[in-house]
Amino acid sequence: MEKDKLNILAFESSCDETSAAVLQNDKVLSNVILSQEYHKSFGGVVPEIASREHLRRITDMTEASLKKASLEMGDIDLIAATSEPGLIGAILIGLNYAKSLSAATGKPFVPVNHIHAHLYSPFINETKPEFPFISLIVSGGHTLLVLVEDFFKHKILGTTIDDAVGEAFDKVAKMMGLGYPGGPLIDKYAKDGNPEFHKFPVAIIKNAKYDFSFSGIKTSVLYYLRDSNFSTLKNEKLISDISASFQHAAVKTLYNKVKKAAKEFGVKDIAISGGVSANTYLKKMFKSIEGNGYRIHIPDFIFTTDNAAMIGITAYYKYKMSKDKDYFLKESLSVKARPRLDYNNF
Ligand code: KG4
Ligand code: ZN
């Protein structure tokens with residue numbers, strides 16, 4: 001007989017966060033995250049360092065997550081890990097660790113697509129999105145607009161044709177010499193800046209109404225910095241104003257497309273997730289339409305950037321909705337790590 005309460009142990013290791021979480025069904029009992037600091041001095045993630053650090057810390061993280069949840073390995077019913085997309089060497093650490101635990105304990109193993117995990121992360125909230133809903137996934141590597149008709153019934157409406165929005169935040173921050181990751185820094189400076197200080201243009205893509213392009217805005221910031229002699233005039237006020245103006249243009253683009261899609265598909269529930277959904281200005285802009293009958297679902301801050309709890313909740317629904325539970329006992333152990341997102345089988 002199937003248990004009505006499943007204890008899930010989940011892992012995330014696709015980039016530079018080593019994370020382990022324990023859930024009981026859709027309830028998060030623990031979510032421990034180790035953000036690898038080593039990459040900061042390199043201005044970006046160094047894959048080899050990421051893999052080595054995952055390997056060094058994954059056992060500690062597992063023990064910490066179980067302890068925090070007041071459970072032991074023997075209490076776990078389901079094991080989950082990210083299998084795609086991300087840095088291949090980094091994914092392999094969490095994935096193989098989880099598979100080994102599954103093989104050793106005989107507990108089912110659920111491989112999870114990292115982007116699905118961002119998509120379902122708002123289900124960690126008490127108030128869950130109702131189907132159908134529009135999902136905007138905005139992270140460092142991906143920008144996706146998705147119509148979600150039911151669990152794992154996704155239709156990608158649009159994606160970026162060049163940079164991801166998080167990448168644009170990171171690059172603009174780097175141009176101003178702010179450090180990495182740039183998103184939180186732009187967010188912080190923008191709070192004291194004027195969003196109308198300078199109008200940065202956002203590309204309109206012909207014949208693809210839901211696709212995004214963020215490389216143009218990045219280039220226009222670059223030219224602006226050069227032409228306005230930023231490196232000589234640089235001060236906090238100027239950084240704040242440029243941050244606020246860039247952020248306004250980037251967030252407004254996302255907002256306009258989401259609203260258009262919600263209207264076209266007659267959808268009232270909008271879920272936003274991924275690292276950029278932590279952005280203060282983005283939250284404010286989207287929350288402003290809640291009065292018009294829209295329901296905006298954004299996960300709590302710790303569940304927006306990479307974390308294992310979102311892997312756990314996705315595994316929970318994936319397992320629960322599956323008609324072939326046996327698949328997770330043997331076949332799933334042969335799932336391979338994949339670096340790229342498969343847009344055709346999303
Ligand atoms: O989802 P995530 O943690 O990792 C990926 O799967 O990519 O997203 C990381 C991205 C980075 O580009 C980071 O700069 C951005 O999310 N980010 C933000 C904020 N916090 C993180 N961007 C804008 N505002 C923020 N507050
Ligand atoms: Zn992510």
Side-chain angles (χ1 to χ4, degrees), residues 10-19 21 31 33-36 39-40 43-45 47 50 81-87 90-91 94 112-122 124 135-144 159-160 163-176 178-191 193 195 212 214 217-218 240 243-255 271-286 298-311 313-314 339-341:
F11 298 96
E12 155 60 31
S13 73
S14 67
C15 194
D16 58 342
E17 263 88 27
T18 317
S19 180
N31 181 41
I33 307 167
L34 180 90
S35 287
Q36 304 174 355
H39 307 281
K40 280 194 175 143
V45 178
T82 304
S83 60
E84 62 179 308
L87 301 170
I91 295 175
V112 172
N113 177 314
H114 181 91
I115 306 300
H116 285 175
H118 277 304
L119 193 159
Y120 289 103
S121 61
I124 294 173
S135 164
L136 174 71
I137 305 155
V138 276
S139 73
H142 297 91
T143 306
L144 259 79
T159 180
T160 180
D163 291 353
V165 63
E167 206 176 341
F169 271 86
D170 293 336
K171 285 179 180 167
V172 167
K174 198 170 181 177
M175 287 177 211
M176 291 194 284
L178 301 186
Y180 175 87
L185 294 163
I186 299 253
D187 190 342
K188 191 183 98 190
Y189 278 103
K191 281 180 187 150
F212 302 93
F214 290 102
I217 185 174
K218 178 192 69 188
S240 294
S243 296
S245 300
F246 157 75
Q247 183 178 262
H248 172 78
V251 171
K252 194 78 200 313
T253 313
L254 298 169
Y255 173 84
I272 311 165
S273 53
V276 183
S277 71
N279 185 268
T280 317
Y281 192 73
L282 177 146
K283 283 191 204 166
K284 210 166 116 194
M285 196 181 281
F286 278 97
I298 300 178
D300 280 351
F301 178 72
I302 45 155
F303 304 121
T304 56
T305 47
D306 292 349
N307 67 89
M310 70 179 190
I311 306 299
I313 194 140
T314 310
R340 297 205 186 291
L341 181 65

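For ligands, and for the atoms within them, numbers begin at 1 and follow the listed sequence. From a predicted model like this one, the values you see are computed outputs, not experimental measurements.
Using a distance-only test at 3.5 Å, with no hydrogens or angles considered, a donor-acceptor pair links the side chain of Ser13 to the main chain of Gly94. Between the side chain of Asn31 and the backbone N or O of Ala309, at least one donor-acceptor pair lies under 3.5 Å. Checking side-chain atoms of Asp300 against main-chain N and O of Ile302 turns up no donor-acceptor pair under 3.5 Å. Between the side chain of Ser240 and the backbone N or O of Tyr189, at least one donor-acceptor pair lies under 3.5 Å. Without hydrogens or angle criteria, Ser19 side chain to Ala308 main chain gives a donor-acceptor distance under 3.5 Å. Distance alone, capped at 3.5 Å, is enough to place a donor-acceptor pair between the Ser273 side chain and the His118 backbone. In terms of modelled atom types and a separation under 3.5 Å, the side chain of Thr143 and the main chain of Val165 share a donor-acceptor contact.
The ligand atoms of ligand 1 that sit less than 4.0 angstrom from a heavy atom of Gly166 are 12 (O). Against a heavy-atom cut-off of under 4.0 Å, Thr305 is close to the following atoms of ligand 1: 3 (O). Residue contact check: His118 has heavy atoms under 4.0 Å from atoms 1 (O), 6 (O) of ligand 1. Distances below 4.0 Å separate heavy atoms of Phe169 from the following atoms of ligand 1: 23 (C).
Here atom 4 (O) of ligand 1 lies nearest to Asp306 when heavy atoms of Asn307, Ile137, Asp306 are compared. Among Gly183, Gly182, Ala190, Gly141, the residue whose heavy atom sits closest to atom 22 (N) of ligand 1 is Gly183.
When rounded to 10 degrees, the angle formed at the Zn ion (ligand 2) by OD1 (Asp306) and NE2 (His118) equals 100°.
Here's the thing with Gly275: one of its N/O atoms is less than 3.5 angstrom from an N/O atom of ligand 1. For the pair Asp187 and ligand 1, the shortest N or O to N or O distance falls below 3.5 Å. Of the N or O atoms in Gly274, none lie within a sub-3.5 Å distance of an N or O in ligand 1.
Looking only at protein heavy atoms, the nearest one to atom 12 (O) of ligand 1 is Asp170 OD2, 2.8 Å. The nearest protein atom to atom 24 (N) of ligand 1, hydrogens excluded, is given as Asn279 ND2, 3.0 Å; this is a heavy-atom distance. In this structure, the protein non-hydrogen atom closest to atom 10 (C) of ligand 1 is Gly140 N, 3.4 Å.
When non-hydrogen atoms are compared, ligand 1 lies under 4.0 Å from the side chain of His114 (C-beta onward) but not from its backbone. In Glu17, neither the side chain nor the backbone holds a heavy atom less than 4.0 Å from any atom of ligand 1.
The shortest distance between side-chain heavy atoms of Gln247 and Val172 does not fall below 4.5 Å.
Between Tyr120 and His116, the ring planes are perpendicular. Angles over 60° get that label, and only those under 30° would be called parallel.
Among the backbone and side-chain atoms of His114, an N/O/S atom is found under 2.8 Å from the Zn ion (ligand 2).
Evaluated for a side chain to side chain donor-acceptor pair (under 3.5 Å) with His114, the options Glu84, His142, Glu12 yield exactly one hit, Glu12.
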